[in-house]
There are 2 protein chains.
Amino acid sequence: MAIEFSSIRKEGLSVQIANAIRSAIIDGRLVVEERLPSEAELSDRFGVSRSTVREALKRLAAQNLIRSERGSSGGAFVNRITRDEAQESLVTTLRLMIGMNDIAFEEAIEARFTLESACLGLAAGRCKAEDLAELRAEIDRQRSPDLSDEDFCASDVTFHSIVGRATGNPLLAFQMAGAVEAMQPLMNMLVYRLRDRHRIADLHEGIANALEQRNADAAWQNLEALASYTRELADKRRAPRQGSGDTSNN
Amino acid sequence: MAIEFSSIRKEGLSVQIANAIRSAIIDGRLVVEERLPSEAELSDRFGVSRSTVREALKRLAAQNLIRSERGSSGGAFVNRITRDEAQESLVTTLRLMIGMNDIAFEEAIEARFTLESACLGLAAGRCKAEDLAELRAEIDRQRSPDLSDEDFCASDVTFHSIVGRATGNPLLAFQMAGAVEAMQPLMNMLVYRLRDRHRIADLHEGIANALEQRNADAAWQNLEALASYTRELADKRRAPRQGSGDTSNN
DNA sequence: AAAGTCTAATTGTCTGACAATTAAATGTTT
DNA sequence: AAACATTTAATTGTCAGACAATTAGACTTT
């Protein structure tokens, strides 16, 4: 291990220890799946109590950096972060930023559609048959009449996540999916009448068709229309006083 | 508060408690800057020991959801996440994904430049004089001959973060800055000869000029050239055996 | 050989104590 | 009365030691 920590006082011990281990992981001195020393041994090495070590480990676990297993051959292991864990973390962060840092609805929508337009450029050249199939499956779903508003939104999220994946670039897929999912609560605030849903499904189909024909321009046009339409819906929602935050489903 | 938690066994108590409080924060039942009950009171309410509550709170603190203050009027407060905290979290997550999930150099570069090209479209229409001034300041810096490789990379990161900010959209700026910063370690692995630096600075200047003239196409061309050039450098680095990971600066 | 049992290692939780820090109340001096 | 010093109370941070729960592996029995 050889984890040193140059005491920046005023930070609690558990924070210092967490930082020491975190940097050891991030710059590779501890490799994935490697087992850390036991809590008892860590408290010895760092010269602190076991509770303090534990609080440090919990911090790291909350960042998905380590995972703890019980039992005789248990311990804390450097965690290979999964796509899902990373995405959950991204979504949480984005939602917090949106919720607490005066990010306007319009700004969120713009960021999301800007990102997606970038993805479409790549996806048009690369998307596979199976991506298209999944896209069309979601479109069908969106057209089924007995779908709650929230399920419709969820399908919308899935659709655009697939667009991200269709770029064939895992990082773009990750950022796209994170952004779309983070904005689901915002989208959930909108009211989708039946003809809104059909209009949206049609535009989605336009995108899918454009991708199938490898026609990026057509895809962009449909996305642009989708963005405008979303803005219209958002304006309607905003207009009649934005109160009564009930999303009365069922 | 009114925090209920429906026991999904097999998860530890501290995890359950953390989850309960986390959802209370995320969907707004606890508002920013609100003070949580003291640790003693939380242990009463949840019927667990103080250590368990503390571990839960440490988890939340690690996600920047709360912050703890000591003293008579201290306690745990719902944290208004700052741009910097959010970005640090994003960068950590992205770096972990890149480092541990078989993301290729090429994929990382592609994601970064795709994102940036999307930003340029907006920035061309919106960037302010002060953004341009900052961009040019970084370009000057990149041309100064006595600059270590790492400082050059750092300036590169700054440059592209400013491009993100020039979109005027805080979310895009956030994602752009996060992506660029996350890839700094990768960029640091490249070797920048003097003429490479000048070439890059020239392309940066091309971007800045294009933005000043509100010419998105010109900006894209320069960015495209920059992307190709970066790929060339990456190939060179890869070719002569990628060992000897020393980044001998100075 | 298979099945069950014991054992040791490790994390999870509990309890109770004390230290450190901070704001507010209280007291003291000018 | 105002300024300053002291005490007090509330709260988080750390410590120590205990026991429960879980797990893998060694051991025993059939």
Side-chain angles (χ1 to χ4, degrees), chain A residues 1 3 5-22 25 30 33-80, chain B residues 1 3 5-22 25 30 33-80:
Chain A
M1 288 260 299
I3 291 176
F5 58 112
S6 50
S7 31
I8 306 166
R9 286 287 163 261
K10 197 63 179 174
E11 289 289 351
L13 285 175
S14 70
V15 176
Q16 294 176 44
I17 293 174
N19 289 341
I21 302 180
R22 183 182 302 109
I25 294 176
L30 290 170
E33 294 307 317
E34 182 171 343
R35 180 177 175 273
L36 273 65
S38 73
E39 296 176 352
E41 192 166 340
L42 284 174
S43 19
D44 276 355
R45 293 223 202 148
F46 285 109
V48 299
S49 75
R50 201 186 139 209
S51 352
T52 304
V53 166
R54 277 184 65 77
E55 290 184 3
L57 294 180
K58 292 317 148 206
R59 296 186 126 96
L60 299 176
Q63 299 181 302
N64 288 307
L65 284 166
I66 65 172
R67 125 190 71 90
S68 290
E69 289 173 11
R70 297 221 272 200
S72 148
S73 70
F77 297 83
V78 178
N79 195 34
R80 156 164 278 122
Chain B
M1 286 262 298
I3 291 176
F5 59 112
S6 51
S7 30
I8 306 165
R9 285 288 163 263
K10 198 64 181 172
E11 289 289 351
L13 284 176
S14 71
V15 176
Q16 293 177 44
I17 293 174
N19 289 342
I21 301 180
R22 181 182 303 109
I25 294 177
L30 290 170
E33 294 306 318
E34 181 170 343
R35 179 176 174 274
L36 273 65
S38 73
E39 295 175 353
E41 194 166 338
L42 284 174
S43 18
D44 276 356
R45 293 222 203 149
F46 285 108
V48 300
S49 75
R50 203 186 138 209
S51 2
T52 304
V53 166
R54 278 183 65 76
E55 290 184 2
L57 294 181
K58 293 317 150 208
R59 295 187 127 94
L60 300 175
Q63 298 181 301
N64 288 307
L65 284 167
I66 65 171
R67 123 190 72 89
S68 290
E69 290 174 10
R70 296 220 273 199
S72 145
S73 69
F77 297 84
V78 179
N79 195 34
R80 157 164 276 124

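Residue numbers start from 1 in every chain, and the chains themselves are labelled A, B, ... in the order their sequence lines are given, proteins ahead of strands. All values below were derived from every heavy atom in this structure, side-chain atoms included, with hydrogens, water molecules and symmetry-related copies excluded.
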What is the distance from CZ of B:Arg70 to C1' of C:dT21, rounded to the nearest Å? 5 Å

Over all strands shown, is B:Ser51 touching base, sugar-phosphate only, or nothing at heavy-atom distances under 4.0 angstrom? base

What integer distance in Å separates B:Phe77:CZ from D:dA10:P? 16 Å

Measure the CG-OG distance between A:Leu13 and A:Ser51 for me, rounded to the nearest 0.5 Å. 11.5 Å

Rounded to whole angstroms, how far apart are CD on A:Glu69 and P on D:dA24? 8 Å

The side chain of B:Ser49 lies closest to which of these nucleotides: D:dC15, C:dT10, C:dC14? C:dC14

Residue whose closest nucleotide on DNA chain C lies nearer the 5' end, B:Thr52 versus A:Ala40: A:Ala40

Within the side chain of B:Thr52, is there an N or O that forms a donor-acceptor pair under 3.5 Å with the backbone of B:Val48? no

Among C:dA8, D:dT14, D:dT11, which nucleotide sits nearest the side chain of A:Ser72? C:dA8

Could you state the CD-C1' distance from B:Glu39 to C:dT13, rounded to the nearest angstrom? 15 Å

Rounded distance in Å - NZ (A:Lys58) to C1' (C:dG12): 8 Å

Interatomic distance where CD belongs to B:Glu11 and C1' belongs to D:dA21 [whole Å]: 15 Å

Quick one, A:Arg67 and A:Glu33 - any side-chain contact, counting heavy atoms below 4.5 Å? yes

Does B:Ser14 put a side-chain nitrogen or oxygen below 4.0 Å from OP1 or OP2 of C:dT13? yes

As a test of reading the structure: which of C:dT11, C:dC14, D:dT11 is closest to the side chain of A:Ser68, going by heavy atoms? C:dT11

Kindly indicate whether the side chain of B:Arg50 and the base of C:dG16 share any N or O donor-acceptor pair separated by less than 3.5 Å? no

Are the side chain of B:Gln16 and the backbone of B:Glu11 linked by a donor-acceptor contact shorter than 3.5 Å? yes

May I ask you to evaluate whether A:Arg35 reaches the phosphate of C:dT10, defined as a side-chain N or O under 4.0 Å from OP1 or OP2? yes

5'-most by nearest nucleotide on DNA chain D - A:Gly71 or B:Leu57: B:Leu57

Less than 4.0 angstrom from a charged side-chain N to a carboxylate O is my criterion; do B:Glu55 and A:Lys58 meet it? no

Let me know the distance between CG of A:Leu42 and P of C:dA9, rounded to the nearest Å. 17 Å

From the set C:dT13, C:dA23, D:dT14, return the single nucleotide nearest to any side-chain atom of B:Ser73. C:dA23

Selection from D:dG13, C:dT13, D:dC15 that lies nearest to any side-chain heavy atom of A:Arg54: C:dT13

From CZ of B:Arg67 over to P of C:dT22, roughly how many Å is that when rounded to an integer? 14 Å

